[in-house]
J.: 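My questions all concern the structure below.
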Amino acid sequence: GCEIFGKVDHSVIFAGVTVREGACVEDCVLMPGCVIERGAQVKRAIVAEGAVIGAGAMVGEATGNIAVVGADVKLPAGAAVKAGEQYNVK
């Protein structure tokens with residue numbers, strides 16, 4: 001199952017996903033095993049399997065193209081991935 005402690009709207013959530021308290025996920029696809037840390041904002045994005053979105057990070061935007069975070073990637077706390085960008089640094 002999933003552990004959802006934050007807000008999730010209009011999104012597809014696969015098994016093993018964790019959304020921590022204070023995180024907000026809107027219009028996203030969260031692949032198996034990914035983690036959205038406290039206070040992160042993820043909008044119109046695909047987060048690949050095993051990725052971790054750090055605390056307070058921002059991925060995607062309410063408008064524009066879809067943002068993508070690659071598999072097994074750890075996006076640092078407070079980092080930003082804008083609409084249409086891809087983040088694949090491991």
J.: Would you kindly confirm whether I4 and I53 end up in one hydrophobic cluster when ILVMFWY residues are joined by side chain heavy atoms under 4.5 Å apart?
T.: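 Yes, I4 connects to I53 through the hydrophobic network.
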J.: If you compare all heavy atoms of G70 against all heavy atoms of A51, which two are closest, and at what distance to 0.1 Å?
T.: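 G70 and A51 have their closest heavy atoms at O-CB, 3.5 Å.
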J.: Could you report the tightest heavy-atom contact between R44 and C28, atom names first, then the distance?
T.: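 Answer, listing the atom of R44 first, then C28: N-SG, 3.7 Å.
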J.: State yes or no: do V73 and I66 share one hydrophobic cluster built from I, L, V, M, F, W and Y residues joined by side-chain heavy-atom distances below 4.5 Å, directly or via other members?
T.: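 Unlinked, V73 and I66 end up in two clusters.
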J.: State whether the side chain of S11 and the backbone N or O of D27 hold a donor-acceptor pair below 3.5 Å, judged by distance alone.
T.: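 Checking the backbone N and O of D27 against the side chain of S11, a donor-acceptor pair under 3.5 Å is found.
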J.: Between A57 and P76, what is the shortest heavy-atom contact and its length?
T.: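 Shortest heavy-atom separation between A57 and P76 comes out as CB-O, 3.9 Å.
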J.: A side-chain contact here means heavy atoms from C-beta on lying under 4.5 Å apart; do Y87 and V59 qualify?
T.: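 No, their side chains stay 4.5 Å or more apart.
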J.: I'd like to know if V17 and V8 are part of one continuous hydrophobic network [Ile/Leu/Val/Met/Phe/Trp/Tyr, side-chain heavy atoms within less than 4.5 Å].
T.: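 Linked within one cluster.
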J.: I'd like to know if the side chain of R20 reaches the main chain of F5, judged simply by a donor and an acceptor atom lying under 3.5 Å from each other, with no hydrogens or angles considered.
T.: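 Side chain of R20 to backbone of F5, a donor-acceptor pair under 3.5 Å: no, none is there.
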J.: Atom CD of E21 and atom CD of E37: how far apart are they, to the nearest 0.5 Å?
T.: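 It comes to 12.5 Å.
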J.: Can V68 be reached from V89 by stepping across I, L, V, M, F, W or Y side chains whose heavy atoms are under 4.5 Å apart?
T.: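 Looking at the clustering, V68 is in a separate group from V89.
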J.: Can you find a heavy atom in the side chain of V81 that is under 4.5 Å from one in the side chain of L75?
T.: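 They are in side-chain contact.
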J.: Let's go through K43 and E61 carefully: what are the C-alpha distance in whole Å and the side-chain angles of both, what is the deciding distance for salt bridge (charged side-chain N to carboxylate O under 4.0 Å, His left out) to 0.1 Å, and is it a yes or a no?
T.: CA-CA 5 Å; K43 298 179 181 181; E61 300 171 35; over 6 Å; no
J.: One pair to check against side chain to side chain contact (heavy atoms under 4.5 Å, CB included): K82 and M58. What are the steps and the verdict?
T.: CA-CA 8 Å; K82 296 183 179 182; M58 302 204 49; over 6 Å; no
J.: What's the shortest heavy-atom distance between C2 and G16, and which atoms?
T.: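 Distance-wise, the nearest heavy atoms are SG-N, 4.0 Å.
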J.: Quick check: closest heavy atoms across A40 and G54, and the distance to 0.1 Å?
T.: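 Closest approach of A40 to G54, heavy atoms only: CB-O, 3.6 Å.
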J.: Please identify which of these residues, T18, V52, L30, meets the side chain to side chain contact (heavy atoms under 4.5 Å, CB included) condition with I36.
T.: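 Of all the options given, the one that passes is L30.
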